[in-house]
Novice: 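Here it is, the structure in full.
Values in this document were obtained by computation on a predicted structure and should not be read as measured data. The sequence lines fix the lettering, A, B, ..., with proteins before strands; numbering per chain opens at 1.
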Amino acid sequence: MQRYDPKTIEPKWQKVWADEGTWEVSNDDPGNRPNAYVLEMLPYPSGEPHIGHLKTYSVGDAVAHFRRRHGHRVLHPMGYDAFGLPAENHAIRTGQPPRESTEASIRQFQKELREWGISIDWTREFGTHEPEYYRWTQWIFLRLFERGLAYRKEAAVNWCPKDATVLANEQVIDGRCERCGTPVEVRQLEQWFFRITEYADRLLEDMHTIDWPPHVVTMQENWIGRSEGAEVIFRCEELGIDYPVFTTRPDTLFGATFFVLAPEHPDVFRLSDAPEVHEYVNHAVRESAEERGDEHKEKTGVPLGRTVTNPVTGEQIPMFVADYVLMEYGTGAIMGVPAHDQRDYEFAKRFGLEIRRVVEPAEGEPAPEGEAFVGHSENERLVNSGEFSGRSSPEAVRAITAWLEERGLGKPAVNYRLRDWLLSRQRYWGCPIPILYCDECGMVPVPDDQLPVELPEVKEYAPRGRSPLATAEDWVNTTCPRCGGHARRETDTMDTFVDSSWYFLRYCDPRNDQAPWDREVLRRWMPVDQYIGGVEHAILHLMYARFFVKALADMDLLDVQEPFARLFTQGMITRDGAKMSKSKGNTVSPSEYVERFGADTLRCYILFIGPPSEDADWQDEGVGGVYRFLSRLWTVAAETAERTTPEDAVDGAPSDVLRKAHWAIDKVTRDMRDRFAFNTAIAAVMELVNEIYRQRESAPSGHLRFAVATAGSLIFQFAPHLGAEVYELMTGRRVWEEPWPEADPALLAREEIQLVVQLNGKLIDRVPAPATASSDELEELARSSDKLAARLNGKEIVRAIVVPGKLVNFVVR
RNA sequence: GCGGCGGUGGAGGAACGGCAGACUCGAUGGAUUCAAAAUCCAUUGCCCGAGAGGGCGUGUGGGUUCGAAUCCCACCCGCCGCACCA
């Protein structure tokens, strides 16, 4: 007898799918069949695929197959997020050009994705580093630029003084440069931004139109961080300047006893030129975000020797500069209400400022000692607040805001935590920003017909205080398309997140060289019906892609407001409870396991290990169990192929295997359709195979053949090679061309049930009962239980609860 | 601190108002084998009991319910995100 041999089965089917282009879909209107777009986040090609990739694509492939067998034409493409830092850092270390190492990695992905048997339409493949792709990334940048959604301004960035370069946030580890360990400084430099803040409200509101996991929705909501409140004007009479502040608590305005500016506030030196002010500001600005952001750090600051007017009390209150106020949020200035804000409280304590309570705790509630009172509900009432005293705190918010508005001293306002997206990188391996600086005309966008601005080859990748692109003199120096004079190219490149913010659009129409896409084609596929990826992208990538789609829709370039209708976020695979990493040496190499067990085993194992949405711990021994299961399925299929024929009828009295097969169809269908419960779906097929084993000598041959074929059909979406093989052995047909099986309701129902008998909710007995018995009949049957009689000993049954088809519960006294 | 998720056998997990522990691993015993591997069969939550049987069990404490792992409240522990955001 032969044995299950994935090494012959898997390449055999892979060849069929490759030769026939089985998973390719055209952009033609299919007419009768509905389209579906199933997409997994594109991989970042660095080294070899790891176990996380295997999980993502195993989940996505199961969804794609399930949809296909429900009659959909499924777009299921693949590409590579090829630009980015790891390839560049690798180049700096080894001298190997980023293009080479990236393309080597892409080849590895291409090979392994095929070995895994993922059902991809390879005709749509691309890398974001190809000029045919990034030409349109640049084109989109220019459209955003035209609309003022891409702009330049000075911003604080991380700067490593030793490497003389700007660093991305993720390159700053504990306040130090990840490469040389030098403490990072903050510098003000001109940078490119996307005006994502303009879309804050729509990004927030439209979350309700998409079906995403609640925790991702919450994370995005928190990231956008919308706060409602008021803008209030504090006037510095001496200089005649109005300083607006944002507050969420205008009800505490009567308690504002001081005023603070952020160290970066442009007016600080105008207000005070004192040496200690300069010293403080210089120190604060140089401090790392890490140090400055430490909540437990003692409050520091310097008085400016000036006052502003509290608009409701008319009092003059002192001005300070302090680093606990952030320039990026609100107006870069705050009113200090020490009685009702913990930070202001700490500051006031330090500087001996008046702490004036203007909101009283609810009756009977103690007033807090040694900290601010932040209560803000209908139960807290205002005191020491002139005409507003006695009002509840929320009521006072409205009344005081209205009062201010009437006098031109304030107005309702909304603030967001969200900042504009800093997209420029002083790096080589990225998409060039298509902008020129002309000696005469200033900043000039590269005309569309000159795109792409191709990334030139350079020899030295290490940044030296400016982008490595600056060393490519021939490339940098060019002529201005407006005046024909001398111009220099922008040498910054784009953040990799820009490339991945629209790739799902390009998949729809990947070879279009006239436009980034044909709108008509996009209409057929977008939005993505099911998007799948790691939760680590819950904020950045998923927010940026939404922003791009909204901006492009506003330009009338496409017809959807949201890119991803449904999102599934998978959990991480850990090993020994720890995140896998090369430095820990606890990584699992998929190719090693594919070599030993075959791709089907690995794919099933990764889905069987637990709910795919949760983190799961890799256990080597578990892989063997799944291999055993697939072997058993193959063995029983080979055996059944010899002993029975496809012509054997599925008739006669229902056997246990036949019932189990229909039960499995029903279970797998529900697990796949209603939730991503692939682990229990696989367990159901395991149960079916176990049942087949028990019954394989006794079951009618037609039933046996049907049950084995069903097991092949159901496992196909997780183990496509074996599923196809088993199904062909049993039926001579191709499983992916078959519709999804349907369970026969008549075979799901049993004639006899085990009626559960409970006493006060506790199980005491099980008695056989007809499935169709009425409630009265069930109660009678339960009453006749011997165990019930033995337990009752004199107690009285006061009530019987009958759950038809399930149980009878007797309540006794 | 704020927000989110989660605590079930020796391990991963299942059940998500109605039989707690499906399925898999591990362990133990048996068959097969000269032997091992592989394979197959059986047992496997804990405690008492020779057995029949009984008791206890889903982080802790309350509550709702005929009935709670499941719903509600409080707390403890773990993980993730954000964090001086006014």
Novice: Distance between the P atoms of B/C47 and B/G57, in whole angstroms?
Specialist: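 Those two atoms are separated by 15 Å.
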Novice: Could you check which of B/A86, B/G4, B/C25 has an atom nearest any side-chain atom of A/H215?
Specialist: B/G4
Novice: For A/L763 and B/G57, give me the distance from atom CG to atom P, rounded to whole Å.
Specialist: 15 Å
Novice: Go ahead and name the base partner of B/U64; Watson-Crick or wobble counts if both distances stay under 3.5 Å, otherwise write none.
Specialist: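 Partner of B/U64: none.
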Novice: Might you work through the ring pair (Phe, Tyr, Trp, His ring centres under 6.0 Å) test for A/F258 and A/F351, ending with a clear yes or no?
Specialist: CA-CA 10 Å; A/F258 61 97; A/F351 288 85; 8.5 Å; no
Novice: Looking only at side-chain atoms of A/T247, point me to the closest of B/A86, B/A15, B/C56.
Specialist: B/A86
Novice: Provide the distance between the two P atoms, one in B/C79 and one in B/C72, to the nearest whole Å.
Specialist: 25 Å
Novice: Without decimals, in angstroms, what is the distance between A/I682 CD1 and B/A14 C1'?
Specialist: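 Nearest whole value for this atom pair: 14 Å.
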Novice: Sequence neighbours excluded, which residues qualify as salt bridge (Lys or Arg N to Asp or Glu O under 4.0 Å) partners of A/R356?
Specialist: A/E315, A/E354
Novice: Would you mind telling me which residue lines up with the more 5' stretch of RNA chain B, A/I539 or A/P214, judged by nearest nucleotide?
Specialist: A/P214
Novice: So which nucleotide from B/G13, B/U39, B/G12 ends up closest to the side chain of A/N679?
Specialist: B/G13
Novice: Just to be sure I understand the rule, does A/R675 reach a base, reach only the sugar-phosphate, or reach nothing, if contact means heavy atoms closer than 4.0 Å?
Specialist: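 A/R675: backbone/sugar contact only, no base atoms under 4.0 Å.
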Novice: Do any side-chain nitrogens or oxygens of A/R575 fall under 4.0 Å of OP1 or OP2 in B/A11?
Specialist: no
Novice: Rounded to the Å, how far apart are A/F718 CZ and B/C23 P?
Specialist: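 Rounding to the nearest Å, CZ of A/F718 and P of B/C23 are 18 Å apart.
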Novice: Suppose you measure atom C1' in B/A74 against the same atom in B/A42; what distance do you get, rounded to whole Å?
Specialist: 47 Å
Novice: Can you tell me if the side-chain N/O atoms of A/T218 get under 4.0 Å from OP1 or OP2 in B/G81?
Specialist: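 Checking B/G81 against A/T218, no side-chain N or O comes under 4.0 Å of OP1 or OP2.
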Novice: Any strand counts, and the cut-off is 3.5 Å on both contacts for Watson-Crick or G-U wobble. Which nucleotide pairs with B/G29?
Specialist: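 Paired with B/C41.
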Novice: Taking only the C1' atom of each, what is the distance from B/U24 to B/A14 in whole angstrom?
Specialist: 11 Å
Novice: Among B/C23, B/C66, B/A14, which nucleotide sits nearest the side chain of A/P611?
Specialist: B/A14
Novice: What's A/V811 touching, base or sugar-phosphate or nothing? Going by heavy atoms closer than 4.0 Å.
Specialist: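 Sugar-phosphate contact only - A/V811 comes under 4.0 Å of backbone atoms but never of a base.
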Novice: Quick one: A/W212 CH2 to B/G4 P, roughly how many Å, whole number?
Specialist: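 Distance, rounded to whole Å: 19 Å.
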Novice: Could you let me know what B/U58 is paired to, Watson-Crick or G-U wobble, both distances under 3.5 Å, or none if it's on its own?
Specialist: none
Novice: Between atom CD of A/Q220 and atom NE2 of A/H215, what is the distance when rounded to the nearest 0.5 Å?
Specialist: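 So the gap between those two atoms works out to 11.0 Å.
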Novice: For the side chain of A/R799, counting heavy atoms from C-beta on, which of B/C66, B/G26, B/G12 is nearest?
Specialist: B/C66
Novice: What verdict does the side-chain hydrogen bond (donor to acceptor under 3.5 Å, both in side chains) test give for A/S393 and A/D251, after you've listed the backbone C-alpha separation in whole Å, the side-chain angles of each residue and the deciding distance to 0.1 Å?
Specialist: CA-CA 6 Å; A/S393 172; A/D251 56 316; 2.6 Å; yes
Novice: Please work out whether the ring planes of A/Y544 and A/W421 are parallel, tilted or perpendicular, with thresholds of 30° and 60°.
Specialist: parallel
Novice: Is A/K762 close enough to B/C56 that one of its side-chain N or O atoms is under 4.0 Å from OP1 or OP2 there?
Specialist: yes
Novice: For B/C34, what is the paired nucleotide under Watson-Crick or G-U wobble rules, both distances under 3.5 Å?
Specialist: none
Novice: Between B/G18 atom P and A/F810 atom CZ, what is the distance in whole Å?
Specialist: 20 Å
Novice: Rounded to whole Å, please give me the gap between NZ in A/K806 and C1' in B/C66.
Specialist: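 Result: 16 Å.
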Novice: Kindly say if A/R628 contacts the phosphate of B/U39, meaning a side-chain N or O under 4.0 Å from OP1 or OP2.
Specialist: yes
Novice: Need one value for A/V626: base, sugar-phosphate or nothing, where a base atom within 4.0 Å counts as base even if backbone is also close, heavy atoms only.
Specialist: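 Nothing: the residue A/V626, judged by heavy atoms under 4.0 Å, touches no strand.
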Novice: I need the residues from residues 684-694 of chain A with at least one non-hydrogen atom less than 4.0 Å from RNA chain B; give them sorted by number, or say none.
Specialist: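 Residues of residues 684-694 of chain A under 4.0 Å from RNA chain B: A/M686, A/E687, A/N690.
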Novice: Determine the interatomic distance between P on B/C23 and the same-named atom on B/C40; round to the nearest Å.
Specialist: 15 Å
Novice: When you get a sec, tell me which of B/A86, B/G26, B/G12 is the closest nucleotide to the side chain of A/Q619?
Specialist: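 Of B/A86, B/G26, B/G12, B/G12 is nearest to the side chain of A/Q619.
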Novice: Indicate, with a heavy-atom threshold strictly under 4.0 Å, whether A/S631 touches base, sugar-phosphate, or nothing.
Specialist: nothing
Novice: Using the C1' atom as the reference point in each nucleotide, state the distance between B/C25 and B/C73 in Å, no decimals.
Specialist: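 The answer is 39 Å between these two C1' atoms.
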Novice: Any idea how A/F259 and A/Y243 line up, ring-wise: parallel (<30°), tilted (30 to 60°), or perpendicular (>60°)?
Specialist: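 It falls in the tilted class, 30° to 60°.
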Novice: Could you tell me how far B/C2 sits from B/C66 if I compare only their P atoms? Round to whole Å.
Specialist: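 Here B/C66 and B/C2 have their P atoms 37 Å from each other.
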Novice: Quickly work out the A/D620 CG to B/A11 C1' distance and round it to whole Å.
Specialist: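 So the two atoms are 14 Å apart, to the nearest Å.
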Novice: Does B/C16 pair with anything, Watson-Crick or G-U wobble, both distances under 3.5 Å, and if so, with which nucleotide?
Specialist: none
Novice: Quick one: do A/S227 and A/N415 satisfy side-chain hydrogen bond (donor to acceptor under 3.5 Å, both in side chains)? Show the steps, please.
Specialist: CA-CA 5 Å; A/S227 303; A/N415 247 279; over 6 Å; no
Novice: What form does the base of B/G51 take, syn (within 90° of 0) or anti?
Specialist: anti
Novice: Check whether the side chain of A/Q758 and the base of B/G18 form a donor-acceptor pair under 3.5 Å.
Specialist: yes
Novice: With both distances kept under 3.5 Å, what pairs with B/G1, Watson-Crick or G-U wobble?
Specialist: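 Pairing partner: B/C82.
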Novice: Measuring only the P atom in each nucleotide, how far is B/U70 from B/U64? A whole number of Å is fine.
Specialist: 15 Å
Novice: Between A/T56 and A/Q570, is a side-chain hydrogen bond (donor to acceptor under 3.5 Å, both in side chains) present by the stated rule, with each step listed?
Specialist: CA-CA 7 Å; A/T56 308; A/Q570 85 212 24; 2.8 Å; yes
Novice: Which listed nucleotide (B/C66, B/A86, B/C84) is nearest to the side chain of A/D323?
Specialist: B/C84
Novice: State which of B/C40, B/G3, B/A86 makes the closest approach to the side chain of A/R632.
Specialist: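 That would be B/C40.
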Novice: Evaluate the ring planes of A/F347 and A/F320, with Trp represented by its six-membered ring, and classify them as parallel (under 30°), tilted (30 to 60°) or perpendicular (over 60°).
Specialist: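 The arrangement is perpendicular - the two ring planes meet at more than 60°.
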Novice: So does A/K299 pair up with A/D344, basic N to acidic O under 4.0 Å?
Specialist: no
Novice: So which nucleotide does B/A22 pair with, by the Watson-Crick or G-U wobble rule with both distances under 3.5 Å?
Specialist: none
Novice: Which residue is it: A/F718, A/Y627, A/W618, A/F629? I am looking for the one with a ring-ring contact (aromatic ring centres under 6.0 Å, His included) to A/Y605.
Specialist: A/W618
Novice: Scan A/I334 against the nucleic acid and name what it touches under 4.0 Å (heavy atoms): base, sugar-phosphate only, or nothing.
Specialist: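 Base, at least one base atom sits under 4.0 Å.
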Novice: Kindly point out which of B/A15, B/C66, B/U24 is positioned nearest to the side chain of A/N809?
Specialist: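 Closest nucleotide among those given: B/C66.
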Novice: How far does CG of A/L630 sit from OG1 of A/T601, to the nearest 0.5 angstrom?
Specialist: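 It comes to 4.5 Å.
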Novice: From B/G81, B/A15, B/A86, pick the nucleotide closest to the side chain of A/F246?
Specialist: B/A86
